[in-house]
Amino acid sequence: MLKFLIVVILIAIAVYLTTRVIQRRGIMPPAPRAPRTPPRPFGPDDDPDFLRDLDRRRKHPEDPDA
C-alpha cells in the first residue's frame with residue numbers, strides 16, 4: 001500500500017511540474033479572463049444626467065427642452 005501511495009505522489013508531482021513548465025514557456029495559453037466593463041448606474045437615481053435633467057425640469061417647468 002505504501003508503494004502505491006509513493007507512486008501516486010510521484011505522478012502528481014510530475015504532472016504539476018510539467019504543467020508549470022508549459023505555462024511558463026507560453027506553450028499553453030493561460031485561462032482567459034472575463035473582460036472588465038466599466039460600472040454603470042443601476043437606477044435612475046444613480047445617473048448624474050438623469051438627476052441633472054430633473055433639476056432643470058424643477059427650475060424651469062414651462063420649458064420642455066431645459
- Query: Is the closest side-chain heavy-atom distance between L54 and R58 below 4.5 Å?
  - Reply: no

- Taking NZ, NE, NH1 and NH2 as the nitrogens, is one of them in D49 or R52 under 4.0 Å from a carboxylate oxygen of the other? yes

- Item | Passing candidate, side-chain contact (heavy atoms from CB on, under 4.5 Å) with I11, options V8, V7, I9 | V7

